[in-house]
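For reference, the structure discussed in these notes is given below.
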Amino acid sequence: MASHIEEMISEEQIDKRVREIAKQISEDYKGKSVRLICILKGSVFYTCELAKRISIPVTLDFMSVSSYGNDLDNDIEGLNVIVVEDIIDSGNTLNKLIPLLKERKPASIAVTTLLDKPSRREVDVHVDYTGFEIEDKFVVGYGLDYDQKYRDLPFVGVVEE
Ligand code: IMP
Ligand code: MG
């Protein structure tokens with residue numbers, strides 16, 4: 001079955017917004033460094049684009065969401081951690097993950113997400129830097145998948161069967 005992807009957020013719009021967030025983070029953490037923790041796999045594109053544009057020192061780590069931090073390669077004690085998400089939907093993932101990361105005593109912990117679907121929220125989560133708030137539609141591209149497909153698209157779009 002052929003699917004068409006209807007563009008929702010263009011490559012240019014994403015690029016502009018990522019630069020704005022990177023600038024904001026660079027200002028907010030001026031004189032410090034940040035550890036970006038990428039939640040695999042969806043956040044890989046956003047994490048890389050963000051990291052390249054942050055002007056203060058950045059280190060990276062990656063974890064899969066099912067592991068709840070047990071697969072981080074490096075300790076986060078004393079670091080300024082920013083968790084990087086592709087999209088926040090129900091909020092359940094972050095609601096479980098953040099307290100577990102806090103137990104590891106980072107100096108601070110913040111959250112950024114490229115996309116947010118606030119209408120879907122089941123539990124409250126604090127988000128520090130949001131790219132775009134979107135309506136309740138299933139989106140793909142820029143790292144987000146549908147059955148592992150479409151991650152490679154440079155824009156965010158909606159699958160139309
Ligand atoms: P939640 O906030 O715990 O419900 O989970 C968010 C996760 O669900 C995201 O990190 C994605 O992996 C996945 N997800 C939610 N909505 C979408 C979507 O529209 N497209 C692709 N993945 C999604
Ligand atoms: Mg995810």
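Counting starts at 1 for both ligands and their atoms, in listed order. Bear in mind that the values here come from a model prediction, so they are computed numbers and not experimental data.
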*Mark the output for Lys137 as yes if a heavy-atom distance to ligand 1 is under 4.0 Å, and as no if none is.*
yes
Quick note on ligand 1: atoms under 4.0 Å from a heavy atom of Ser90 include exactly 1 (P), 2 (O), 3 (O), 4 (O)
In Asp116, Asp89, Asp136, the residue satisfying salt bridge (charged side-chain N to carboxylate O under 4.0 Å, His left out) with Arg121 is Asp116
Residues Asp124 and His126: side-chain donor-acceptor under 3.5 angstrom: no
The option among Asp86, Val159, Leu144, Leu40 carrying the non-hydrogen atom nearest to atom 10 (O) of ligand 1 is Asp86
Quick note on ligand 1: atoms under 4.0 Å from a heavy atom of Asp145 include exactly 21 (C)
Give a yes or no answer on whether the side chain of Asp128 reaches the backbone of Val111 with a donor-acceptor pair at less than 3.5 Å.
yes
Would you say Val140 and ligand 1 have an N/O pair spaced under 3.5 Å apart? no
Review point. Is any side-chain heavy atom of Ile82 closer than 4.5 Å to a side-chain heavy atom of Tyr29?
Key: yes
Near Thr93 (heavy-atom distance under 4.0 Å), the atoms of ligand 1 are 1 (P), 3 (O), 5 (O)
Judged by heavy atoms only, the candidate from Asp89, Ile134, Asp116 nearest atom 15 (C) of ligand 1 is Asp89
Original post:
If we only count N/O pairs under 3.5 Å, is Val139 in contact with ligand 1?
Top reply: yes
Main chain of Phe132, side chain of Thr130: is a donor-acceptor contact present, judged purely on distance under 3.5 Å? no
**Q.** Check: Ser55 main-chain N/O paired with Ser26 side-chain donor or acceptor under 3.5 Å
**A.** yes
- prompt: Do any N/O atoms on Glu85 end up under 3.5 angstrom from N/O atoms on ligand 1?
  reply: yes
Can any side-chain N or O of Arg104 pair as donor or acceptor with the backbone N or O of Ile76 at less than 3.5 Å? no
- For ligand 1, is Gly42 a contact, meaning one of its heavy atoms is under 4.0 Å away? no
Taking atom types as modelled, is there a side-chain donor on Thr59 or Arg35 under 3.5 Å from an acceptor on the other? yes
Counting heavy atoms under 4.0 Å, the part of Glu122 that contacts ligand 1 is neither
Quick note on ligand 1: atoms under 4.0 Å from a heavy atom of Lys117 include exactly 16 (N), 17 (C), 18 (C), 19 (O)
